[in-house]
Amino acid sequence: QVQLVESGGASVQAGGSLRLSCAASTYTVSMGWFRQSPGKEREGVAAIYSRSGERYYADSVKGRFTISKDNAKNTLYLQMNSLRAEDTAMYYCAADFKWVGLPPNKYSYPYWGQGTQVTVSS
């Protein structure tokens, strides 16, 4: 079992930046960020393979978001720059002890955080 606790969500103006954090209670191999807005499916935003550092980004966030992980702290980050109104969503951290592959599939991750809300106003 792993517990995941997200933080860092806030309300910001379009063009602004936020950094989300996800503190895991133990080391995990696969970690990812997903987001979901009302009426929409949960989508994979970014993911990382802890052993190699291989990363994935959804096309909608490439060049604006950066995923990183501090393995010593078991903490996952998502640096979000140039935020847009369409980035507004609840952001969730997900993890697994095994490699679940890329792109991130919401059905492949068994462990989830409670979510942190990001609201971008234009």
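Computation of the quantities below employed the complete heavy-atom set of this structure, encompassing side-chain atoms and omitting hydrogens, waters and symmetry-equivalent molecules.
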Same hydrophobic cluster for [X] and [Y], using side-chain heavy-atom links shorter than 4.5 Å among ILVMFWY?
X	Y	answer
Leu78	Met31	yes
Tyr111	Tyr27	no
Val12	Tyr77	no
Leu4	Val118	yes

Fill in: Glu43/Lys106 salt bridge by N-O under 4.0 Å criterion
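Looking at Lys106 and Glu43, the cut-off is not met.
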Worksheet entry | Test: Lys62 and Asp59 ion pair at under 4.0 Å |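 Answer for the salt bridge query: yes.
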Item to complete: List in chain and number order the residues that pass ring pair (Phe, Tyr, Trp, His ring centres under 6.0 Å) with Tyr49, two or more places apart in sequence or in another chain; answer none if no residue qualifies.
Response: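 Residues passing ring pair (Phe, Tyr, Trp, His ring centres under 6.0 Å) with Tyr49: Trp99.
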Worksheet item: Which residues satisfy the ring pair (Phe, Tyr, Trp, His ring centres under 6.0 Å) test with Phe34, sequence neighbours excluded?
Response: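 Testing Phe34 for ring pair (Phe, Tyr, Trp, His ring centres under 6.0 Å), a comparison that skips the adjacent residues, returns Tyr109, Trp112.
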Practice prompt. Keeping the roles fixed (side chain from Glu6, backbone from Thr116), state whether a donor-acceptor pair exists under 3.5 Å.
Written response: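 Not at all, since once roles are kept as given, no pair shorter than 3.5 Å links the two residues.
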Worksheet item: Is a donor on one side and an acceptor on the other found under 3.5 Å between the side chain of Ser37 and the backbone of Ala89?
Response: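 No.
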Can you tell if the side chain of [X] reaches within under 4.5 Å of the side chain of [Y], non-hydrogen atoms only?
X	Y	answer
Leu76	Ile48	yes
Met90	Arg42	no
Tyr57	Arg64	no
Leu20	Tyr91	yes
Val120	Arg84	no
Arg35	Thr88	no

If you look at every heavy atom in [X] and [Y], which pair is closest and at what distance?
X	Y	result
Gln1	Gln3	CB-NE2, 4.2 Å
Ser50	Thr28	OG-O, 2.9 Å
Ser122	Ala14	CA-CB, 4.1 Å
Ala95	Pro110	O-CD, 3.4 Å

Worksheet item: Any side-chain donor-acceptor pair under 3.5 Å between Thr75 and Asp70?
Response: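 The criterion, which ignores hydrogens and geometry beyond distance, is not satisfied for Asp70 and Thr75.
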Discussion item. Apply side-chain contact (heavy atoms from CB on, under 4.5 Å) to residues Ile67 and Gln79 and explain how you reach the verdict.
Written reply: CA-CA 6 Å; Ile67 189 171; Gln79 178 66 42; over 6 Å; no
Item to complete: Would you give the length of the straight line joining atom CG of Asn81 to atom OG of Ser17, rounded to the nearest 0.5 angstrom?
Response: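 The distance works out to 3.5 Å.
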Discussion item. Pair Leu83, Leu18 - check side-chain contact (heavy atoms from CB on, under 4.5 Å), show working.
Written reply: CA-CA 8 Å; Leu83 282 162; Leu18 283 175; 4.1 Å; yes
Worksheet entry | Working for side-chain contact (heavy atoms from CB on, under 4.5 Å), residues Phe97 and Val29 | CA-CA 5 Å; Phe97 292 106; Val29 172; 5.6 Å; no
Discussion item. Using side-chain contact (heavy atoms from CB on, under 4.5 Å), reason through Trp33 and Met80 one step at a time and then give a plain yes or no.
Written reply: CA-CA 12 Å; Trp33 288 101; Met80 305 187 294; over 6 Å; no
